[in-house]
Protein chains: 2
Amino acid sequence: MQERSSVYRDTESRFRHRRREGEIVTALRAATIEDVARRAGVSRAAVSKVIRNAYGVSPAMRERVNAAIEALDYRPRVAARAMRGSSFTIGIELPHIGNPFFTKIVAGATAALTGTEYQLIIAPADVDGEEGVRAIGALADRQVDGIIAISPLVAPEWLERLAARVPVVMLGRHDRSVAYDTVTGDDAEGTRLVMEHLLGLGHRRIVHLTRSEEVTRPGSGNPHAIRLERYLAHMHDAGLDDCIRVVRTGLDEESARLDTRALLDAETPTAIFVGNDELALGTLRALNDHGLSPAEVSVVGYDDVDIASYPAISLTTVNQSGEAMGERAVRLLLERIQGRTEPTHFSVEPTLKVRGSTQPVPPEPAP
Amino acid sequence: MQERSSVYRDTESRFRHRRREGEIVTALRAATIEDVARRAGVSRAAVSKVIRNAYGVSPAMRERVNAAIEALDYRPRVAARAMRGSSFTIGIELPHIGNPFFTKIVAGATAALTGTEYQLIIAPADVDGEEGVRAIGALADRQVDGIIAISPLVAPEWLERLAARVPVVMLGRHDRSVAYDTVTGDDAEGTRLVMEHLLGLGHRRIVHLTRSEEVTRPGSGNPHAIRLERYLAHMHDAGLDDCIRVVRTGLDEESARLDTRALLDAETPTAIFVGNDELALGTLRALNDHGLSPAEVSVVGYDDVDIASYPAISLTTVNQSGEAMGERAVRLLLERIQGRTEPTHFSVEPTLKVRGSTQPVPPEPAP
DNA sequence: TTGAAAGCGCTAACAA
DNA sequence: TTGTTAGCGCTTTCAA
């Protein structure tokens, strides 16, 4: 930074001289719009119009400008453009880059953006709560033209204030707002599919392994909150209040493994409904650690990540299209950038993938 | 964008009036350094010094400025800062977000950046070649202060030109340059471990499943190029020239599955050394599709992604610490930003994780 | 259709 | 220690 003090700008020749440890280093400065204008013999405004495909440029001028751009290998500085308007950047906040379901969302978003002039950037958070807010804030500070926030742990008011400045799509959470759009899975329906499947197999002692209390706070609209709430409702409706058992864990496979182990040290349920597939893999490992097979303890996940269908894993889970969600989120953002103001909410339908990890309940051993 | 034309800037009151579909909408404008300065009764320069922790501010002034920043919820616009120097952003180009090994690199980079004033952003590429260059270019256009490029498919000269403008760490490829730093795994050593293991188990008909010709172009320094080259050398040295068999595939699990199936339709080797774990999972699926067990066909991967150690998968593979690589890449970048000019090259040591997917060669069936 | 010029929010040289 | 001021590279009015 202090180097800038010794940068001599040489406007005519495009050389930049800087003093580094005594000696003067000369390097070719990147072309600016000014350089292009001078070379093409036109004004900066003209070049600007050409690169923005704006109205009112003669074909002849367009051609000369494009030639100059080519010759100088000119690329507009995004920071400068951002100061006057758009950064042509869409930002997505990713709570946990290790989760393959989030990865699918990104793939969908990337696909929806190819062919447009927008670039996707990901701000990884990798820890709950504070970190997510930090990442979203970092995107906002970078003047992105739109933000996709994945189930952020923040108050709706906070998001609304953000959405007043920049288009926001909230992905995952079920609370709605007129300020931002939402893309969700139908977690109530997904949970219904899971619970009916397990109950239909005869299971009664069904444990629900889920995230922290903070994440599943009732009314928060977080997907895990909905899944927990519906789990409780289905257990109650089935007359199984006595069998309700909720176990908490962290956000990665290893936490789930450890917490499942602790559970199994104390008791052995006949089925475990796990908040998502990544955690379910940890549960499966723990079961393995305890020498328990699917015939003894059934496991259901959520998301249908690729590895769930792997034959040796064969995890029963709820499929929801992360690609479709990411793609839709981008589309909603682009519409908002185009000027749409009515809030829009989009939901994807879940389906149950029944695989080998769920089996009919084993006969109760004599107590 | 055209909305800007109807934005009335109200410098004194921090209100922004814009015309939207006829009616004038008034919203609170985000605070700028000017607002902070006015509220604190100091100059913009003073505020700038405070937020940069620059030398020469009295404690009293610092306190007043900080109070104003707090009161106004002021956040510096990164675009404006970038125009004058740094964007406090490190960019990483990710060739394929579905690969869990890359995910580890990102985790390492994120960890190395926590506590600093820099933010990591990821530009996903998700296709070979052109897309990678596009993503790296997009990061450069966004004035990031440093770029981590993961095995990009570009000429060293291209990278050198880039590195003349912004610090670059190339992660993966083995070619070196004085212009940029490198972080690599020791792919020759990793391949040696794999080949000695397989040969030691008695395997002779060892197929190598690898990426496209473009990716493995000899001399390109790409990790897959090295692995291929060493595979050929070890086969040759073992007197197994006749058994050499190289099969090409794409960059994801599904391609590997399809191409392995095609291979198995034609012949059945006793072992397959796959270019990385993600592809190896596809190979394992194909083996499964063909009803072949590890006792019949051994498989080795590369990277030791988390799922490789999963009991039901148990993939023999080469462990190299993606976290360490990502962390080191960030450290090298920060050093360059601090002013280091000598090129630095860092390499991580690979180790072989022997698991159930490799077994002694089965007896040759009578022809 | 074209260009001149103002200004976006910051940093840093320099003066006070 | 503090403030004045000249830009950074663009976009967008507005006048020619």
Side-chain angles (χ1 to χ4, degrees), chain A residues 1-11 14 16 18-19 29-38 40-65 69 72 74-88 141-143, chain B residues 1-11 14 16 29-38 40-65 69 72 74-88 141-143:
Chain A
M1 289 220 286
Q2 62 272 47
E3 246 189 24
R4 284 200 69 84
S5 55
S6 55
V7 169
Y8 310 101
R9 184 64 186 281
D10 184 337
T11 319
R14 292 193 53 225
R16 183 180 50 180
R18 50 165 68 173
R19 197 179 304 276
R29 172 174 62 71
T32 71
I33 201 171
E34 172 77 44
D35 300 316
V36 175
R38 195 176 320 119
V42 298
S43 70
R44 293 195 327 256
V47 178
S48 177
K49 281 171 190 157
V50 169
I51 63 182
R52 286 179 294 124
N53 274 313
Y55 185 76
V57 247
S58 66
M61 171 174 271
R62 179 179 303 278
E63 192 158 334
R64 281 167 60 205
V65 169
I69 287 175
L72 297 177
Y74 167 71
R75 314 205 40 162
R77 233 74 90 237
V78 170
R81 307 185 80 173
M83 291 215 57
R84 303 292 297 153
S86 354
S87 62
F88 302 100
D141 294 344
R142 278 155 187 77
Q143 312 268 105
Chain B
M1 289 220 290
Q2 63 270 49
E3 246 188 25
R4 286 200 68 84
S5 54
S6 55
V7 169
Y8 311 101
R9 184 65 185 280
D10 185 337
T11 319
R14 290 193 55 226
R16 183 179 51 178
R29 174 174 62 71
T32 71
I33 201 172
E34 171 77 46
D35 299 316
V36 175
R38 193 173 324 117
V42 300
S43 71
R44 293 195 328 255
V47 179
S48 177
K49 280 173 189 154
V50 169
I51 63 183
R52 286 179 292 123
N53 275 313
Y55 184 76
V57 247
S58 66
M61 169 174 271
R62 178 178 304 276
E63 192 157 334
R64 281 168 60 206
V65 169
I69 287 175
L72 297 177
Y74 167 71
R75 314 206 38 160
R77 233 74 90 234
V78 171
R81 308 185 79 172
M83 292 216 56
R84 304 293 297 156
S86 353
S87 62
F88 303 99
D141 294 344
R142 278 158 187 75
Q143 313 267 105

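In the text below, chain A, chain B and the rest are named by the order of the sequence lines, each starting its count at 1.
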Legend entry - Out of C:dG9, C:dG7, D:dG3, whichever nucleotide has its closest atom nearest the side chain of B:Arg84: C:dG9
Inset, instruction - Establish, with yes or no, whether the OP1 or OP2 oxygen of C:dA12 is under 4.0 angstrom from a side-chain nitrogen or oxygen of B:Ser48. - result: no
Legend entry - Side-chain heavy atoms of A:Arg77 within contact of A:Thr32, under 4.5 Å: yes
Legend entry - Whole-Å distance separating the CZ atom of B:Phe88 from the C1' atom of C:dT11: 10 Å
Inset, instruction - Go through the steps to decide whether B:Arg75 and B:Ile51 satisfy the test side chain to side chain contact (heavy atoms under 4.5 Å, CB included), and finish with yes or no. - result: CA-CA 10 Å; B:Arg75 314 206 38 160; B:Ile51 63 183; over 6 Å; no
Inset, instruction - Report the C-alpha distance between A:Phe88 and B:Asp141 in whole Å, list the side-chain angles of each, state the deciding distance to 0.1 Å, and finish with yes or no for side chain to side chain contact (heavy atoms under 4.5 Å, CB included). - result: CA-CA 11 Å; A:Phe88 302 100; B:Asp141 294 344; over 6 Å; no
Legend entry - Whole angstrom value for the distance that separates P of C:dG9 from CD of B:Glu34: 9 Å
Legend entry - Nearest to side-chain heavy atoms of A:Met83, which nucleotide of D:dT1, C:dT1, C:dC8: C:dC8
Inset, instruction - On DNA chain D, check which nucleotide each of A:Ile33 and A:Lys49 is closest to and give me the residue with the more 5' one. - result: A:Ile33
Inset, instruction - Give a yes/no on whether any side-chain N or O of B:Arg81 is located under 4.0 angstrom from OP1 or OP2 of C:dT11. - result: yes
Legend entry - Any B:Tyr74 side-chain N or O less than 4.0 Å from OP1/OP2 of C:dC10: yes
Legend entry - Flag for A:Ser48-A:Arg44: side-chain donor and acceptor within less than 3.5 Å: no
Inset, instruction - Please state whether the phosphate of C:dA12, meaning OP1 or OP2, lies under 4.0 angstrom from any side-chain nitrogen or oxygen of B:Arg52. - result: yes
Inset, instruction - Name the closest nucleotide to the A:Arg44 side chain, picking from D:dG7, C:dA5, C:dG9. - result: C:dA5
Inset, instruction - Describe the nucleic acid contact of A:Ala46 in one word from base, sugar-phosphate, nothing, applying a heavy-atom distance below 4.0 Å. - result: sugar-phosphate
Inset, instruction - Considering just the side-chain nitrogens and oxygens of B:Thr32, establish if one lies under 4.0 Å of OP1 or OP2 belonging to C:dG9. - result: no
Legend entry - Closest-nucleotide ordering on DNA chain C, the 5'-leading residue of A:Tyr55 and A:Ala80: A:Tyr55
